[in-house]
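Worksheet: the structure to be examined is printed underneath.
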Amino acid sequence: MVDGLSLNIAQILFNSLLTGSLYVLAAIGLTLTYGILKFPNVAHAEFITFGAYIAYTVADIWKLGFEAGVLAAFVATGLLGVASHIFLFGPLIRKGASILHLTVASVGYGIVLRYAMQEIWGRKDLYYSAYYPGFDLGPIRVTPLWLSFIFLAVAIVAVFHLLLTKTKIGKAMRATSNNPSLAQASGIDTRKIILLVWFLGSALAGLGGVMKASDTRITPVLGWDILIMSFAAVIFGGVGSIYGTIFAGYTLGFVENLGVIGLVALKLSTEYRFLLGFLVLVFALIFAPQGIAGITFKSIRRRLSSSG
Amino acid sequence: MVNIVNFILDMFVYVGIFGILSLSLNLEYGFTGLWNFGKVAFYMIGAYTSGILTTLGYPVYVGFAAGVVVSGLAGLMISLPALRLREDYLGILTLVFGEIIRIILKNEYWLGGPLGIRGIPSITPSGLDYTTALIIQLIAITIIAAICYFIANRIIHSPYGRVIRGIREDELATATLGKNTFRYKASIFSISSAMAGVAGAFMGQYVTSIAPDQFMPFISFTVWMMVMLGGFANIEGAFLGALIYISFERGARIAKDYLLLPIDPNNLMFILTGLLILIFVFFRPQGLLKENRVREHKGV
């Protein structure tokens, strides 16, 4: 498949947009909880998987249609995130658990979730029955599903932008993400904001899961395949920064798709495309650990003047 | 039904292998405060290095030595850029490192590809009955584990051990006392990785075939659970944690032969494991054994 597309720039850009949208959806929740609560939530992978399964149940077992499945995935995964905070992470934080303990707890919680899902939905690969035949849009091969997911992701980014800049609650979210104690001192009910962040972040992860699954298949390890790339987007974009993550997510999507072509040209396995994302993560960690959000004009100038 | 003696011998061999891994993680996290979520990488490097060399016909001790050295060097190499990072970033970077190694091994056919390496020569002479072979393996892993225990014991009761604890408590303060904290962190990371390498080398010859999918990130998390169960900064605890975790896992495996459960026993086992971790995080975050007090210097 790749050979035929190898020089189709438009297709590469389109595919990058698609992959990037997936990473953005998967990573926004991760960056928000990581930024506010300071620990990397490994169970986020399972939230992604959960969304995919919920959509399957609603769309293919209850036969309510794929759109209803997507909506159900959004709401149910969001609620799962809220419940996780209320019953697990919140109490742990109140007990004064360290960042390491929170991380380990998220690992344990992720295992519980993953195998509970495997118990409920089985280990076999599942597929959505909704099928949308592809068609050519100029030089690009698309399917209505891909188009609607890109549209959805871009719309969500736009809504997030409006929410964050134009509304009071968005400002409170940004404040909490920047400095939780200062936000609290300024009269923001950070508890409510944190729950909202869990809801929105997890709900988007659920959508990401449906998106990934609709293109491939649903397995209990679906989320894991995306998690490390999501971490790459989060760290490359700067932990806690929504705009950074959006930029990083699309950049990673582009790097990955462009990389596939390079790999084919070099006669290497296309599975190495994951390595490209990992390399971005490694370079981001080593050279810009604050992420692109941390790179300001001032810091570039300082670095230039100190090296020169 | 499997032979119960063999079952128990096999279990203790794994307690030895994972005890070494959990000991090495305890040196890194428990004593030095370094997050390593990619323990499996060094385990994998040890297993592959030794596996490849011994299948090529080199003697087992060459394979083991190479496994230790290559893992140790890999640990040193990754630590050079990684140790300057914040603790949680170090955790993520090591996690990713493990996945990178796994993907490379899976896609490079001269390194075995997805099927891995088969027919790794075992340390036991062929023609022995299974129980005797298991006993020899158990003796071998006990000796290796004892050596690792001895090394770890010497490390933590030396001035070096006090410095790494100092780094854990307050890196800046330790640096202010004139200690090159980076060098200490890099060396402990390298020693621990070498230990994980020997565990991997042993595991490779024990199961005689290794494949990339045996080295999922879950292994690293399992080792974290063992360290957490046994207790942070306690080298006996490392082995205790491995014993508890593996007994728990094996117990569940036996139980499924006797119990008629409405739930898949494999899933149940993992769910219970996850819950066990959550219970520990909530009620006994420091693990079962506490850190021993630093022994006074008596010229050990």
Side-chain angles (χ1 to χ4, degrees), chain A residues 34 38-40 42-43 45 88 91-92 95-120 122-123 220-221 224 227-229 231-232 234-235 239 263 268-275 277-279 281-287 289-290, chain B residues 29 33 35 37 78 80-82 84-104 106-109 113-114 216-218 220-222 224-225 227-228 232 262-283 285-286:
Chain A
Y34 199 170
K38 306 288 173 229
F39 76 97
V42 182
L88 180 64
L92 271 177
K95 278 187 81 152
S98 68
I99 297 174
L100 177 95
H101 281 99
L102 288 166
T103 312
V104 173
S106 78
V107 170
Y109 179 55
I111 293 169
V112 172
L113 282 181
R114 185 195 300 184
Y115 288 94
M117 287 189 286
Q118 193 163 303
E119 178 62 31
I120 298 170
R123 206 181 307 204
V221 292
W224 256 106
L227 184 73
I228 289 187
M229 289 305 265
F231 269 128
V234 167
I235 289 171
V239 172
L263 288 171
L268 288 166
S269 161
T270 49
E271 230 185 287
Y272 280 131
R273 68 182 186 280
F274 292 114
L275 288 194
F278 294 165
L279 288 181
L281 171 62
V282 171
F283 278 101
L285 275 172
I286 292 168
F287 296 110
Q290 275 83 44
Chain B
Y29 179 73
W35 291 31
F37 281 108
I78 179 102
L80 294 179
R84 302 198 187 272
L85 299 173
R86 220 171 71 186
E87 49 188 15
D88 47 339
Y89 289 178
L90 174 63
I92 295 173
L93 190 71
T94 44
L95 176 69
V96 168
F97 179 66
E99 285 291 272
I100 287 181
I101 300 287
R102 189 173 67 84
I103 290 181
I104 291 176
K106 201 171 176 177
N107 288 289
E108 290 301 327
Y109 283 82
M216 300 297 277
F218 184 74
S220 304
F221 297 143
T222 315
W224 270 97
M225 293 176 200
V227 172
M228 187 141 175
F232 293 114
I263 171 171
D264 178 67
N266 185 50
N267 292 343
L268 182 65
M269 187 198 88
F270 279 109
I271 291 171
L272 289 177
T273 314
L275 286 176
L276 188 68
I277 295 311
L278 293 181
I279 290 168
F280 263 79
V281 175
F282 262 96
F283 301 108
Q286 74 277 33

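These numbers come from a predicted model, not from an experiment. Side chains included, hydrogens not; waters and symmetry mates left out as well; all remaining heavy atoms used. Chain identifiers are assigned alphabetically (A, B, ...) following the order of the sequence lines, protein sequences preceding nucleic acid strands; residue numbering begins at 1 within each chain.
- At a 4.5 Å heavy-atom cutoff, the contact between B/Ile277 and chain A is made by side-chain atoms alone.
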If you apply the rule side chain to side chain contact (heavy atoms under 4.5 Å, CB included), what do you find for A/Val107 with B/Met228, and how did you get there? CA-CA 12 Å; A/Val107 170; B/Met228 187 141 175; over 6 Å; no
With side chain to side chain contact (heavy atoms under 4.5 Å, CB included) as the criterion, how do B/Ile92 and A/Ile235 come out once you've worked through the C-alpha distance, each side chain's angles and the decisive distance to 0.1 Å? CA-CA 10 Å; B/Ile92 295 173; A/Ile235 289 171; 3.5 Å; yes
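- The side chain to side chain donor-acceptor pair (under 3.5 Å) test applied to A/Arg123 returns no partner, not counting sequence neighbours.
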Could you walk me through whether A/Lys95 and B/Phe283 pass side chain to side chain contact (heavy atoms under 4.5 Å, CB included), step by step? CA-CA 10 Å; A/Lys95 278 187 81 152; B/Phe283 301 108; 4.3 Å; yes
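- Proximity to chain A (any heavy atom under 4.5 Å) is restricted, for B/Phe232, to the side chain, taken from C-beta onward.
- When heavy atoms are compared at a cutoff of 4.5 Å, B/Leu278 approaches chain A solely by way of its side chain, counted from C-beta outward.
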Let me see the working for B/Trp224 and A/Leu100 under side chain to side chain contact (heavy atoms under 4.5 Å, CB included), right down to the final yes or no. CA-CA 11 Å; B/Trp224 270 97; A/Leu100 177 95; 3.5 Å; yes
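- In this structure, the portion of B/Phe37 lying under 4.5 Å from any heavy atom of chain A is its side chain and not its backbone.
- With values rounded to the nearest 0.5 angstrom, B/Trp35 atom CH2 is found 3.5 Å from A/Thr103 atom OG1.
- Put simply, the side chain of A/Tyr109 does not reach to within 4.5 Å of the side chain of B/Val281, judged on heavy atoms.
- Looking at B/Arg86 and A/Ile99, their side chains never come closer than 4.5 Å, going by heavy atoms from C-beta outward.
- Between A/Tyr115 and B/Phe270, the angle of the ring planes stays under 30°, which puts this pair in the parallel group of the 30/60° scheme.
- Neither the backbone nor the side chain of B/Phe97 comes within less than 4.5 Å of any heavy atom of chain A.
- Looking at B/Ile100, both its backbone and its side chain come within 4.5 Å of chain A, counting heavy atoms on both sides.
- We find the CG-CE distance between B/Asn267 and A/Met117 to be 11.0 Å, quoted to the nearest 0.5 Å.
- Listed by chain and number, the residues in a side chain to side chain donor-acceptor pair (under 3.5 Å) with A/Tyr272 are B/Glu108 (sequence neighbours excluded).
- For chain A, no part of B/Met269 is nearby; none of its heavy atoms comes within less than 4.5 Å.
- Chosen from B/Phe280, B/Phe218, B/Tyr29, the residue pairing most often with chain A at heavy-atom distances under 4.5 Å is B/Tyr29.
- Heavy atoms of A/Leu102 lying under 4.5 Å from chain B are absent altogether.
- Between A/Leu275 and B/Ile104, the closest side-chain pair of non-hydrogen atoms falls below 4.5 Å.
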